[in-house]
Amino acid sequence: MIKNYKAMHSGCIKNKDFLFFILLYPGFFFYNFINGTGLARINFGGWFSFVLFFYFISYVFSFFYKRKVIFFSPLLVIFILLVAWMLIISLFNFAISGFSESVAKNLLYYTSTSVFQYAGLFILGANFKELKNWQYKVCFFILVIQFFLIIQNISTHLMFSYIVKYSPTNEGMVSSYQGMARSVLILLFVLFSHYDKIVSKVLIGVLGTIMLFLIGARTQLIAWLIILYADILLFSNRKIKFYFMILTVCSVLYIQINTNLLGSSRIFQLFSIENSSSYNSRYDMFQKGMNAIINSPFFGDYGGQVRDGSGGAYIHNFLSSWRQFGIVGFLLYILFLLCIAFQAVKTVILAASPMKKLAFYMTLYVLFVVCFSEPIFWPDPGLAAGMLYAIWRQSRLDNQKPAHFF
């Protein structure tokens, strides 16, 4: 009994990072599905920060206990400067803010939560290792479960409808479709980076496209298609390229033939943007945000989105960093993104292992999304940066002995 317990405990420790990855991404999907459908009422503060907190604590304990090594790469230094600047500006504005006390606290909480998630995801990425075969099988099994849950819960508008029992009291407990799509998308990246056979690639590609289409997250679907075809172009042989070309043609023809059936999906608002309420709303936010930048180009306008209507009325792209954190925050954010892009390209050129391809996918995904959809508060760039840092650190460890930080 004691031996079994020790073996189980040792296995959990060795696979801790994988376990927390499953809890974070697929776990987020199932947490919101259970809440949304009314199967149970679980309130862990949105789940993501809750799980990241325990991961962060476990990592900090093992870091100091094992006296691990730190390499200060340019990417890590820029990352630290960026999150430090975000916190400094947030605290400064909290101290001198003209907002009411409750609004000022909400703004500080929002920024500090984003910084914490940046840091937590960076650490997760920095400790993410090449998965074992059984771990990939677990990921695929989870993906299949998610697929059938989505298929079984489609609304008349061809969208995944997991909010069945809905009331204003539980609104904050259920994620948006973007959050659900992200949970699926990261899992797809993991699987697609590993499986090279044509049958596997086609299966994962088709499953992923159907799932993201039904969830209705347009940015995530486009990001997936970009990464899918970038992988086919860069890492696949001619046979796989040919089959995917045939699949693309067949898909386009199918959509053309079934336009009336598929046209009810919000995905097809991409072809008539002027009729999209989401686009019109974001364009209005962009205009107000740019006016704020023009009026205060050096210091920015931290929290100005509240005056524009709500806490969510920020610019939905990388320019949000300028409005929120001034010209310094903007330059740090751009430098951070450029550093990620450079490191990702350099990594896959040298060798395309599953881990390196995964980091490359994450980078393409992050760069696309911050250009068209998400503000600086979106923490997924932290995961991409962490993975790239891990690859860089391993290359240094393979070539020389680093100095201990402690």
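This is a predicted model, so every value here is computed, not measured.
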### Task
Check the pair R282, I315 against side chain to side chain contact (heavy atoms under 4.5 Å, CB included), reporting the backbone distance first and the verdict last.
CA-CA 7 Å; R282 291 191 180 191; I315 301 175; over 6 Å; no

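- Put simply, the side chain of N106 gets close to the backbone of S102: a donor and an acceptor are under 3.5 Å apart.
- Of all heavy-atom pairs between P375 and S320, the closest is CA-OG, 3.2 Å.
- Centroid-to-centroid, the aromatic rings of F122 and F79 come within less than 6.0 Å.
- No donor-acceptor distance shorter than 3.5 angstrom exists from the side chain of S296 to the backbone of I293, with no hydrogens or angles considered.
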### Message
I'd like to know whether H194 forms a ring pair (Phe, Tyr, Trp, His ring centres under 6.0 Å) with F192, so could you lay out the CA-CA distance, the side-chain angles of the two residues, the decisive distance to 0.1 Å, and finally the verdict.
### Response
CA-CA 5 Å; H194 173 70; F192 209 66; over 10 Å; no

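- Partners of Y25 by ring pair (Phe, Tyr, Trp, His ring centres under 6.0 Å), not counting sequence neighbours, listed by chain and number: F21, F48.
- Atom CZ of R307 and atom CG of D301 lie 4.5 Å apart (nearest 0.5 Å).
- In summary, K357 and D196 engage in a salt bridge, as defined by a charged side-chain N under 4.0 Å from a carboxylate O.
- Taking the six-membered ring for Trp and the full ring otherwise, Y110 and F377 have centroids separated by under 6.0 Å.
- Partners of I22 according to the side-chain contact (heavy atoms from CB on, under 4.5 Å) rule, which considers only residues two or more places apart in sequence or in another chain, are F18, P26, C139, I142.
- S49 is linked by a side chain to side chain donor-acceptor pair (under 3.5 Å) to Q117, counting only residues two or more places apart in sequence or in another chain.
- For F116, the ring pair (Phe, Tyr, Trp, His ring centres under 6.0 Å) test picks out F56, with sequence neighbours left out.
- Every ring pair (Phe, Tyr, Trp, His ring centres under 6.0 Å) that F54 has, sequence neighbours left out, goes to F50.
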Only distances under 3.5 Å count here; give the side-chain donor-acceptor pairs of residues 333-343 to other protein atoms, sequence neighbours excluded, each with its distance to 0.1 Å.
none

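- Qualifying side chain to side chain donor-acceptor pair (under 3.5 Å) partners for N291, counting only residues two or more places apart in sequence or in other chains: none.
- By the side chain to side chain donor-acceptor pair (under 3.5 Å) test, W322 pairs with no residue at all, sequence neighbours left out.
- Side-chain contact of E374 with Q178: a donor-acceptor pair under 3.5 Å is absent, judged by distance alone.
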### Task
Mind running side chain to side chain contact (heavy atoms under 4.5 Å, CB included) on S193 and M355 for me, showing each step along the way?
CA-CA 7 Å; S193 67; M355 180 64 189; over 6 Å; no

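- Counting only residues at least two apart or on different chains, the side-chain hydrogen bond (donor to acceptor under 3.5 Å, both in side chains) pairs with a member in residues 135-150 are N15-Q135.
- Once rounded to the nearest 0.5 Å, the distance linking CD1 of I376 with OH of Y314 reads 12.5 Å.
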### Message
Please evaluate residues L388 and F360 with respect to the criterion side chain to side chain contact (heavy atoms under 4.5 Å, CB included), reporting the C-alpha separation (whole Å), side-chain torsions for both, the decisive distance (0.1 Å), and the verdict.
### Response
CA-CA 8 Å; L388 291 166; F360 182 68; over 6 Å; no

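- In F368, the CZ atom is crowded: over 12 heavy atoms of neighbouring residues, nucleotides or ligands sit closer than 6.0 Å.
- Residues that satisfy the ring pair (Phe, Tyr, Trp, His ring centres under 6.0 Å) test with W85, not counting sequence neighbours, are absent from this structure.
- Contact between S90 and F325 at its shortest, heavy atoms only, is OG-CE2, 3.9 Å.
- When the side chain to side chain donor-acceptor pair (under 3.5 Å) test is applied to Y229, the partners found at least two apart in sequence or on another chain are T248.
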### Task
Take F372 and N317 through the test side chain to side chain contact (heavy atoms under 4.5 Å, CB included) and record every step on the way to the result.
CA-CA 5 Å; F372 296 102; N317 59 46; over 6 Å; no

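- The residue from I391, D17, L358 that alone fulfils the side chain to side chain contact (heavy atoms under 4.5 Å, CB included) condition with F128 is L358.
- Under a 3.5 Å cut-off, the side chain of T209 and the backbone N or O of G205 do form a donor-acceptor pair.
- The list of side-chain hydrogen bond (donor to acceptor under 3.5 Å, both in side chains) pairs with a residue in residues 362-371, not counting sequence neighbours, reads Y365-D380.
- When atom types are taken as modelled, the side chain of R323 and the backbone of Y302 share no donor-acceptor pair closer than 3.5 angstrom.
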